[in-house]
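First comes the structure, then the notes that go with it.
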Amino acid sequence: MTDPVRILGFVNHIAPSADIEAQIEQAFAWGVDVVVAQGTGSDWGPYWLGSGQQVAANQAANVEPYVRAALAHGVPFVFSLGIAGADVHLEECLRGFDALCARNGWAPRIGVLSGEVSRDYLAGRIAGGAVVEPASAGSGHARLTEADVHEAVRIVALVGPEPVMALLEQSVDGVLTGRALDIGLFMALPMLRGLPTAVAAVAGKLLECGGLALEPGDSGRAIWAQLDETGVEVRSCSPDARATVRSIVSHTFYERGHPTREENPGGVLDLSAATYRETELGVRCEGAAWHPAPYTVLLEGARREGFRAVSLLAVREPALLAQARSWARSAEEQVCRAARFAPEVAAGRLRIHTRIMGLDAVLGELEPHDGVTGHEAGVLIDVVAATEELAREACYYAFIRMFIGPYPGRKTTAGNAAAPIMPVVVPVSEVFQFSIYHLLPLDDPLGPFAATVTTFPRQGGIPTMGGDHEAR
Amino acid sequence: MRLGDAASVIRSKNAGPFSVTIDLFFPDEATYAVARGSALLTVAGVAAAYRVAESTVAGVWFDDRILAAKVTLSRWSSSDDPFCSDLFGAHLHTPLADGLLDEGAGAVGAGGAGHAGGPSVAAGGDVAQ
């Protein structure tokens with residue numbers, strides 16, 4: 001009989017609630033064997049992976065109270081970091097972790113796990129005959145080619161539980177990873193201790209968003225669970241929230257295309273026969289099944305699409321509001337027809353799009369309304385072009401046509417709309433696409449992911465991190 | 001009755017970059033029964049509400065225990081599209097919410113089919129899988 005494993009879970013890209021110390025204290029009063037939190041994801045879109053930037057979440061600050069408690073109690077922590085989770089993102093978070101450790105006088109021994117996949121490794125796998133199929137029918141992707149790999153700026157994989165387990169086996173104080181499978185972080189210690197994969201996986205699914213699975217849902221709150229051979233009991237660490245059957249079952253739906261079936265590396269988590277019942281302090285789930293399948297990891301790769309510039313106009317003149325869509329469309333057409341832009345449009349180097357806040361900004365082409373119904377509306381001119389210079393020029397051209405160009409029945413001949421922002425054209429950023437969203441088969445779940453054990457705060461960077469590291 | 005008025009929670013969110021999933025929770029058995037039997041909460045009904053092809057609708061599911069339904073669609077414009085209007089997919093519920101529940105129509109289409117098992121089974125009536 002394997003001993004139960006107790007997990008304290010939270011989300012490290014969301015700031016903890018004000019009473020987090022009390023929640024952590026409650027969890028440790030029940031007992032904690034590992035503290036786990038996810039901090040990577042694709043939900044923010046491909047920009048972050050392509051640009052090397054990350055949202056200003058300050059993940060090092062968010063984990064501080066949890067790391068303090070874990071170190072004080074001598075239990076390991078497992079965190080993924082950096083949103084897109086490539087080495088450049090992870091390294092920025094690790095520098096924050098260096099500073100956190102230095103400030104607190106901590107010297108933890110940490111396993112650091114990269115989620116980045118080098119282009120050379122992946123191209124080599126494809127050249128060697130690996131079949132890398134699209135992960136989503138909706139992506140429109142074909143089987144991955146070496147050309148796709150070389151076009152990508154960066155590529156990461158959702159690392160499974162096994163590389164985390166390999167680091168936990170080295171008795172580290174914690175594991176910090178780049179891009180990783182959220183539930184895999186939670187699965188690692190229970191699997192290492194010999195609990196069933198199905199229990200580890202369903203626990204991960206219930207805990208991965210922290211207090212969002214509770215009533216009321218709030219990812220700033222922590223969540224606690226105890227896993228055993230047959231199931232998992234989930235509890236709220238806060239007296240202001242509780243686990244209910246409804247909150248827990250509805251969380252199994254959250255951000256998932258299918259309510260009871262989830263494909264993971266090495267198997268499918270099947271909740272079609274799962275049961276949920278309320279206990280004295282929480283909710284217990286039993287009956288999860290795991291159907292083994294070939295081991296694959298999900299790859300995410302970003303390719304540059306161009307540079308974005310935008311301009312914003314606000315309209316309140318009724319005569320113009322009545323024809324806002326055709327007025328904006330006319331400006332798009334004038335850009336596309338202009339001699340200086342037409343060849344760029346034809347070559348696919350320039351695209352312009354207008355969205356009318358007050359008409360079709362949310363649903364776009366699917367919007368059933370054909371006119372503005374309110375008393376004012378905003379128009380966002382959105383240009384994506386091969387270069388920043390071209391994007392800014394085309395955006396300004398569209399702005400000036402809309403600002404000063406004639407429209408049927410015009411009386412506002414000094415200017416057609418309000419311009420709330422100067423510069424009227426705002427250069428936004430490089431634009432990226434998920435050009436890779438594919439499943440990579442791995443014979444060894446440890447895969448090509450660079451792993452190292454280091455004491456923090458580090459002296460300089462980690463030599464195995466960054467750039468095209470070698471396959472292990 | 002509008003679906004948006006009948007449901008107590010309607011949450012829309014990405015399920016990966018290329019799908020959007022809409023979870024619906026109902027306040028009581030009676031309202032849930034109307035929703036479960038509606039023509040709106042079928043593959044054909046959802047496709048009509050969004051004015052997309054039925055092949056865009058990945059499925060409609062119900063969970064009798066927690067009075068919930070789930071609708072998943074392929075995204076017509078995802079975060080991959082430079083001009084995607086809703087990167088998190090958090091505001092794509094409104095065409096469905098505006099749909100009418102045909103009260104008294106009874107079970108319509110495959111979505112009204114029975115349970116896959118006893119009360120502990122999460123999803124009855126899998127559609128289009």
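Remember, predicted model here, so these are calculated numbers, not experimental data. Chain naming here is simple, since letters A, B, ... match the order of the sequence lines and numbering starts at 1 in each.
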Top of A/Val362, A/Leu363, A/Val384 for chain B proximity - count of heavy-atom pairs under 4.5 angstrom: A/Val362

Atom CG of A/Asp370 with >12 non-hydrogen neighbours under 6.0 angstrom: no

Nearest-0.5 Å distance that lies between atom NE2 in A/His141 and atom CZ in B/Phe18: 4.5 Å

Whether A/Arg355 side chain and B/Phe83 backbone form a donor-acceptor pair below 3.5 Å: yes

For chain A, the option from B/Asp86, B/Asp23, B/Leu87 that forms the most heavy-atom pairs under 4.5 Å: B/Asp23

Side chain / backbone / both / neither for B/Ser85 at chain A, heavy atoms under 4.5 Å: both

B/Arg51 portion near chain A, given a 4.5 angstrom heavy-atom threshold: both

Chain B interface, residue from A/Pro368, A/Ala302, A/Gly364 that has the most non-hydrogen pairs under 4.5 Å: A/Pro368

Per-residue contact mode, B/Leu67 against chain A (heavy atom under 4.5 angstrom): both

Residue part contacting chain B, namely of A/Glu300, when any heavy atom lies under 4.5 Å: neither

B/Arg65 and A/Val245, any side-chain heavy atoms less than 4.5 Å apart: no

Minimum heavy-atom distance between B/Phe26 and A/Arg246, given as atom pair plus value: O-NH2, 2.6 Å

Under 3.5 Å donor-acceptor, B/Ser79 side chain and A/Gly45 backbone: no

A/Glu286, CD: over 12 other non-hydrogen atoms inside 6.0 angstrom: yes

A/Tyr437 versus chain B, the contacting section by heavy-atom distance below 4.5 Å: side chain

A/Phe253 vs B/Asp63, side chain to side chain contact (heavy atoms under 4.5 Å, CB included): CA-CA, chis, key distance, verdict: CA-CA 10 Å; A/Phe253 291 7; B/Asp63 189 317; 3.8 Å; yes

Pick from B/Ser12, B/Ser74, B/Pro17 with the largest number of heavy-atom pairs that fall under 4.5 Å of chain A: B/Pro17

Side chain, backbone, both or neither of A/Arg351 within contact of chain B (heavy atoms, under 4.5 Å): both

CD-CG distance between A/Glu305 and B/Asp80, expressed to the nearest 0.5 angstrom: 7.5 Å

Side chain to side chain contact (heavy atoms under 4.5 Å, CB included) between B/Thr72 and A/Arg256, intermediate numbers included: CA-CA 9 Å; B/Thr72 300; A/Arg256 296 296 196 271; over 6 Å; no

Under 4.5 Å from a heavy atom of chain A, the part of B/Asn14 involved: both

Chain A contact via B/Val52 - side chain, backbone, both or neither, heavy atoms under 4.5 Å: side chain

Nearest-0.5 Å distance, NE2 of residue A/His353 to SG of residue B/Cys84: 9.5 Å

Evaluation steps, side chain to side chain contact (heavy atoms under 4.5 Å, CB included), between B/Arg11 and A/Ser250: CA-CA 11 Å; B/Arg11 59 181 197 194; A/Ser250 67; 4.1 Å; yes

Region of B/Thr94 that comes under 4.5 Å of a non-hydrogen atom in chain A: side chain

Heavy-atom pairs under 4.5 Å with chain A, option from B/Pro82, B/Ala68, B/Gly16 with the top count: B/Pro82

Crowding at NE2, A/His369 (>12 non-hydrogen neighbours, <6.0 Å): no

